[in-house]
Amino acid sequence: MSAGPMTTRDIVLKAENITKQVTSPEGPLTIVRDVSLEIVAGESVAIVGPSGAGKSTLLALLAGLDAPTSGRVWLAGQDLTALDEDGRARLRAERVGFVFQAFHLVPALTALENVSLPLELAGRADARRLALATLDRVGLSARTGHYPRQLSGGEQQRVALARAFVTRPAVLFADEPTGNLDTANGTRVCDLLFELNRDLHTTVVLVSHDQTLAARCTRALHMDDGKLA
Amino acid sequence: MRAAILAVRTLAREWRSGELGVLLLALTIAVAALSAVGFVVSRVGAAVELQASEVLAADLRLVSANPLPETYLDEARRRGLATAGSVGVLSIVFHGDASQLSSLRAVSPGYPLRGTVVVAAETFGAPENAAGGVPPRGEVWPESRLLAAIGAEVGDEVSIGAANFRVGRALVTRPDQGSSFAELAPSLLLNAEDLPATQLLQPGSRARFALLFAGDRDEVEAFKAWIGERKQAGERVLDITESSPQVRDATDRAGRFLSLASLVAVLLCSIAVAMAARRYVQRHLDSVALMKTLGATRAFTLTVSLVQLGLLALIAASVGAAAGFVAQAWLVRALRGLLAVATLPPPSLMPIVMAIVTAFAVLAGFALPPLLQLSRVPAIRVLRRDVGPPPLVIWLAFWPAVIAIVGLIYWVVRDVPLLLGFTAGLAAFVAVLALCGALLVRLTGSLRSRVGVAWRYGIANLARRRAESVVQVVAFGLGIMVLLLLALVRRDLLEDWRASLPADVPNFFFINIPSAERGDFLSFIDDAGAATSRALPMIRGRLTAINDRPIEGLSFDDEGLATREQNLTWTSELGDDNQIVEGGWWRPQDTGQPLVSIATEFRDSVGVKLGDRLTFDIAGETYVVTVASIRQVKWDSFQPNFFLVFPPGLLDATAGTWMTSAYFAPGKPRPIAQLVRRFPSVSVFDMDSILGQVRGVIDKAAVAVQSVFFFTLLAGLTVLLAAVQASRDERRFESAILRTLGASRRTVRAGVLAEFITLGLLAGLLAALGASIGGYLIAKYVLEVKYTFDVWVWVWGLGAGAVLVAGGGWLATRSVVGQSPILTLRGG
Ligand SMILES: Nc1ncnc2c1ncn2[C@@H]1O[C@H](COP(=O)(O)OP(=O)(O)OP(=O)(O)O)[C@@H](O)[C@H]1O
Ligand SMILES: [Mg+2]
C-alpha cells in the first residue's frame with residue numbers, strides 16, 4: 001500500500017488538483033481543470049452538469065481508466081498515478097465496478113458468463129456460484145444462459161449491474177446508467193443500484209442528467225467547463 | 001490459462017461473425033497448396049531415386065574387369081546391407097546347329113536388389129514379373145529374340161560353353177540391361193552357381209564383374225565412402241546420382257517451380273488473412289476496451305486473441321494438410337506414367353511440418369501486427385467511442401509480412417540468388433498488376449454518369465473502396481491469368497510438336513541389320529507396305545586423339561561423348577533434317593578422302609572445330625580424319641542420325657551393320673513378329689509408344705501445373721470473401737438506408753450484382769491482357785514458335801472473371817442485402 005495522505009480511514013477516493021489536457025486540431029484543450037475531491041466509503045455521489053462539461057472525463061480519471069495530465073488520484077488507498085496501465089487494470093479487477101450508458105456487455109458471452117468475467121479475471125474460484133447469486137439478486141436467474149442480444153435494454157443493464165457488484169467492489173462508477181432506458185426501467189435499475197449500495201456498503205460515483213437519480217444520491221458535485229462549482 | 005479458457009469459450013460465437021471463417025479458409029488453402037505440392041515433390045523425388053536405383057538393380061554397384069574380393073561382401077553384410085553379385089560375359093549360345101552371340105548374365109541370390117525381372121512363359125509371350133530374379137540351377141532365361149534366332153522354345157535344351165541348360169522362361173527385361181544401343185547382343189540370365197560348369201571364365205576372357213548393394217540410405221553412403229578408400233585400380237563405383245543426373249536435375253527444377261507456383265497462392269491467401277485480421281481487430285476494439293475496464297491486463301487480452309488465432313492455425317494446418325494430401329493423390333494419378341516406376345513410394349511427412357510452419361508464418365506475418373495493435377486499445381474507449389489504438393507504426397505492420405513471405409520463399413528454394421530473383425520479380429509483377437488494376441478501376445469510375453441507377457451504385461461502390469477493389473482485381477486477375485497462360489503455352493507446345501512431325505514420321509526403328517541381309521530386310525519392309533527412310537551403315541569406333549594429342553590427356557565438358565565407343569556412319573546424302581552450319585557437305589571428289597562431318601553437339605562437348613584432325617580407332621585400324629563440316633541435326637525427326645558422318649568410300653570395307661526407320665500406317669497389320677523371326681539379330685524400337693509418351697508428358701505436366709495454379713484461383717476467391725466480409729457492416733447499413741429511401745430489394749441487389757460483375761470483368765480483362773502478353777513472350781523467346789492470337793483467351797478471361805466474381809460476391813452478400821432495414825438500423 002502506497003503511503004498516501006490517507007488521514008481518514010474512510011476516504012476511499014481522493015483527487016488532488018487533477019487536470020486533463022488534450023491536444024486537439026485547434027491547439028491544447030483543458031477538459032478537466034484543477035479538480036480536488038474526497039469521497040468517503042459508503043457515500044453515493046452524483047456528478048452533474050451540462051453536456052460537454054467534462055463529467056465523463058473526470059469519472060474516467062477517478063476510475064483510473066485514463067491518467068491525468070497533472071495531479072494525483074488515490075483509489076482504495078492506492079496512488080493511481082504511480083501505477084502503469086496493467087497495474088491499474090489489476091486494481092480495477094479487485095476494487096472497482098462499472099456501469100455504462102450503453103450497457104457494454106461482451107456480445108460473445110452469456111449473461112452468466114458476463115457476470116462471472118470480472119471474478120475470473122481476478123482469479124476467484126467460486127465465480128460461477130457468486131455470479132448466479134448476483135444474477136438472482138437483480139431478478140434475472142431465469143435468463144442466465146441468454147446472450148446480450150436476446151435481452152431487452154433494461155435486462156441488459158441489470159446484467160451490467162450484476163457484473164459491477166459481483167466482485168463486491170469498493171467503488172462503483174456509473175456513467176449515465178439510465179440514459180438509454182425508459183422511466184420504468186430506469187427506476188428499476190436505480191432502485192437496484194441503491195439497494196446494492198446500501199446492502200454491500202459500496203461507494204457509488206455516478207454521472208447523470210437524470211434529476212431524480214441525482215437527488216437520490218447523498219451528495220451532488222456540479223461541474224461546468226471542466227471545473228467543480 | 002484463464003485467457004485460454006475464455007478464448008476457447010468465445011471462439012464458437014466469434015465464428016458467426018464471419019471473419020474467422022475467411023481467415024481459416026485462407027490459411028487452409030495456403031497450407032493445402034503448399035503441402036499438396038510438397039507431397040508430390042517428395043514422392044516424385046523418391047520415385048526418381050528409385051527409378052535410378054532400378055537402372056543399377058541396386059543402390060550401389062561396384063564393377064570391375066577382374067573378380068572382386070569377398071571382403072566387400074563381408075563388410076556390406078556386416079553393415080546390414082543387402083548384397084548380390086553379377087557376372088557378365090559374351091558367349092555363343094547353341095541350339096542344335098543354330099547359334100547366336102549373346103550377353104550372358106550370371107546372377108547370385110538376391111538379384112535384383114532394386115527393380116524386377118520381367119519374364120514370359122513362352123517366346124514373345126505375355127510379360128509377367130518373375131518371383132525372383134535368379135533362374136533355378138540348370139535353367140536359363142534367354143530373351144525372346146535370342147530364342148527366335150536359334151529356333152528354340154521354352155523347355156528346349158541349349159548349350160553354353162561346356163554345359164547344357166533347359167530354357168525355363170523367356171526373358172523380357174531385367175532392370176540393369178541398359179538402354180543404349182551398345183548392348184545389342186540379346187541377353188540371357190543364368191544362375192551364378194552354374195557359371196563354373198560352362199568353363200567360360202578363363203584367364204583373358206572378357207568378363208564384367210559386379211557387386212550389388214542396397215539398403216538404408218545413410219548406410220549405403222557410409223559404405224560407399226568405405227569402398228572409396230579401399231578400391232583397387234579398375235574398380236568403379238556407380239550410384240544413383242551418377243546413373244541419371246539429368247532426370248534428377250529436371251525433377252528438382254520442376255519441384256521448385258511448382259513450389260514457387262504454390263507460393264503465389266500462399267501470398268494471395270496472406271492478403272485475405274490480413275484483411276480478415278483487420279476486421280477482427282475492428283470488431284474487437286470494444287470488447288478489449290471493456291475487458292481492460294474490468295481489470296484485464298494487456299497480456300491477458302493479447303493472449304485471448306493469440307490463442308484463438310493459434311487454434312485456427314492448428315485447424316487450418318491439419319485440414320489444409322489433409323486437403324493437400326488428397327490433392328496430391330489426385331495429382332499423382334494425373335502424373336502417372338511420367339515415371340517408369342509403377343508404384344510411387346509413399347510421401348514423406350515433411351510437408352506436414354511445412355503445413356504447420358506455413359500456417360503460423362502467415363499468421364505471424366499478417367495477423368500478429370494488427371493483434372498487437374488491438375491489445376493497445378485504451379480502456380477509456382468504453383466512455384469515448386472515437387478513441388482507438390495508437391496508429392500502427394508502418395514498419396511494424398510491414399516487416400513481419402515481408403519477413404514471413406521471404407522466409408517461406410527461401411524455405412522452398414534454398415538458394416539466395418533464386419530467392420532474390422523470385423522476390424524481386426514477384427514484387428515487380430504485383431506492382432505492375434496493381435498499377436493496371438488501379439488504372440482500370442479509375443477508368444471505370446468515369447463511366448458512372450452513363451449508366452442506370454443500379455450500375456451507378458455498383459460502380460460508385462468500386463470507386464469508393466478503391467484500394468480493396470484494386471486488391472481484388474489483382475488477386476483474381478492473377479489467378480485467372482496463370483490458368484489462361486498455361487492453356488496457351490500447352491496449346492503452343494502441342495502444336496509446335498505436331499507441326500514438326502509430319503503424319504508419316506517413321507514410327508519404327510531397326511538397328512543391327514547385318515550387311516548381308518540388308519537387301520532382304522528392306523524388301524521385307526516394302527512388302528509389308530511400309531515406307532522406309534534412308535538406311536545408314538552403323539560402325540563402332542573410338543576417338544583416340546585430337547590433333548595428334550591423345551584424348552587421355554585432355555579434359556572435356558562431356559567425358560562420355562569423347563571417350564566412349566561411338567556409332568559412326570558414312571553416306572553421300574545429306575538428309576533435310578541436317579543443316580550444314582560450317583564447312584561444306586561431301587563433293588564427288590571427297591569420296592574416300594579422310595574427312596568427317598560432326599554434329600554441333602559433338603563440337604560443343606568435345607570442343608573441336610573445323611579443320612581439326614581427329615584420330616579414330618575403327619575395328620582395329622587407325623584413321624586420321626579432318627573435320628570438313630559441322631551439321632545442325634534435328635534429332636526429333638525420327639530419322640537415323642549420327643554425330644559422326646564419314647564420306648563414302650572410306651569405311652565401306654569395314655564390317656558393320658545397318659539401321660533404318662520405317663513408317664507403318666495405323667490400322668494396317670504390322671508383321672513385326674515375323675520380322676523378328678526372320679531377322680533375329682535386328683533390334684526393333686517402337687516409336688509410336690515413345691511419341692505417345694511425349695504427348696502424354698506435355699499433357700500431364702500441363703495438368704499438374706494447372707492444378708497447382710487452381711489453388712491460386714481459390715486463393716483469389718478468399719481475397720474476394722475477405723473483402724466482402726470487411727465491407728459487410730457498411731453494406732448492411734447502406735442497403736438499409738437505400739431501402740428506407742424507397743429502393744426496392746431488387747434495385748439494391750442489382751446494384752450489388754453490377755458491382756461484382758464489373759469487378760469480375762476488370763479482373764478478366766487484366767487476366768486476358770496479361771496472358772496474351774505472357775503467351776506472346778513465351779512463344780517468341782522460350783518456345784520459339786509463331787504466336788497465334790487467340791480470341792478465346794479474352795472470352796474465357798472475361799467470362800470466367802464475371803461469373804466467378806459475381807457468383808462469389810453475390811453469395812457472400814446475399815444475406816446482408818436481404819435483411820430488413822428496421823433490424824439493421826436498430827443495430828441487430
Ligand atoms: N481525447 C479528447 N480529445 C479532444 N477532445 C476531448 C477529448 N476527450 C474529451 N474531449 C472533449 O472534452 C469535452 C468534455 O467531454 P466529456 O465527455 O467529459 O463531457 P460530458 O460532460 O461527459 O458530456 P456529456 O454530458 O455530453 O456526456 C467535450 O467537449 C469533448 O469533446
Ligand atoms: Mg459524458
Side-chain angles (χ1 to χ4, degrees), chain A residues 20 22 31 55-61 63-67 84-110 113-124 127 147-150 153 160 163-164 166-167 169 173 175-176 207, chain B residues 1-20 280 282-305 307-308 375-390 729 819 823-824 826-828:
Chain A
K20 179 73 184 177
V22 294
I31 315 168
K55 305 182 295 289
S56 296
T57 310
L58 177 64
L59 193 78
L61 292 174
L65 289 178
D66 204 0
D84 65 359
E85 211 205 306
D86 281 348
R88 296 203 300 267
R90 260 175 236 118
L91 179 65
R92 282 200 295 272
E94 284 159 24
R95 315 306 303 261
V96 178
F98 284 97
V99 179
F100 307 100
Q101 173 176 12
F103 321 132
H104 283 317
L105 300 178
V106 181
L109 299 178
T110 61
E113 287 167 341
N114 260 292
V115 176
S116 46
L117 184 61
L119 292 170
E120 285 168 353
L121 286 173
R124 300 270 288 270
Y147 286 97
R149 44 185 253 152
Q150 296 167 313
R163 188 180 65 189
V166 76
T167 54
F173 291 98
D175 193 359
E176 316 238 11
V207 169
Chain B
M1 195 56 217
R2 271 175 286 133
I5 293 170
L6 185 68
V8 176
R9 209 162 56 198
T10 51
L11 189 60
R13 284 194 60 80
E14 298 278 358
W15 182 256
R16 296 219 186 140
S17 58
E19 74 269 6
L20 289 185
Y280 180 90
Q282 284 304 325
R283 290 174 37 87
H284 284 76
L285 286 175
D286 285 344
S287 304
V288 169
L290 179 61
M291 298 249 260
K292 283 186 156 186
T293 305
L294 296 181
T297 59
R298 190 175 157 211
F300 181 90
T301 61
L302 187 60
T303 311
V304 172
S305 328
V307 167
Q308 289 193 343
S375 72
R376 303 175 84 97
V377 62
I380 184 81
R381 185 180 162 92
V382 292
L383 293 178
R384 292 188 50 84
R385 294 300 306 274
D386 56 322
V387 181
D729 298 337
Q819 203 172 61
L823 266 177
T824 306
R826 239 178 46 188

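Residue numbers start from 1 in every chain, and the chains themselves are labelled A, B, ... in the order their sequence lines are given, proteins ahead of strands. The model shown is predicted, which means the values in this text are computed figures rather than measured ones.
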Full working for side chain to side chain contact (heavy atoms under 4.5 Å, CB included) between A:Arg163 and A:Leu105: CA-CA 9 Å; A:Arg163 188 180 65 189; A:Leu105 300 178; 3.8 Å; yes

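With a threshold of 4.5 angstrom between heavy atoms, A:Glu120 approaches chain B through its backbone and through its side chain. Contact of B:Thr293 with chain A is made through backbone and side chain together, with heavy-atom distances under 4.5 Å.
Residues A:Leu65 and A:Arg92 meet the side-chain proximity criterion, which asks for heavy atoms closer than 4.5 Å.
Applying the side chain to side chain contact (heavy atoms under 4.5 Å, CB included) criterion to A:Asp66, with sequence neighbours excluded, gives A:Lys20, A:Ala60, A:Leu61, B:Ile380. Scanning for side chain to side chain contact (heavy atoms under 4.5 Å, CB included) contacts around A:Ala67 gives A:Arg88, with sequence neighbours left out.
Contact count versus chain B (heavy atoms, under 4.5 Å) is highest, among A:Ala93, A:Ala89, A:Pro118, for A:Ala89.
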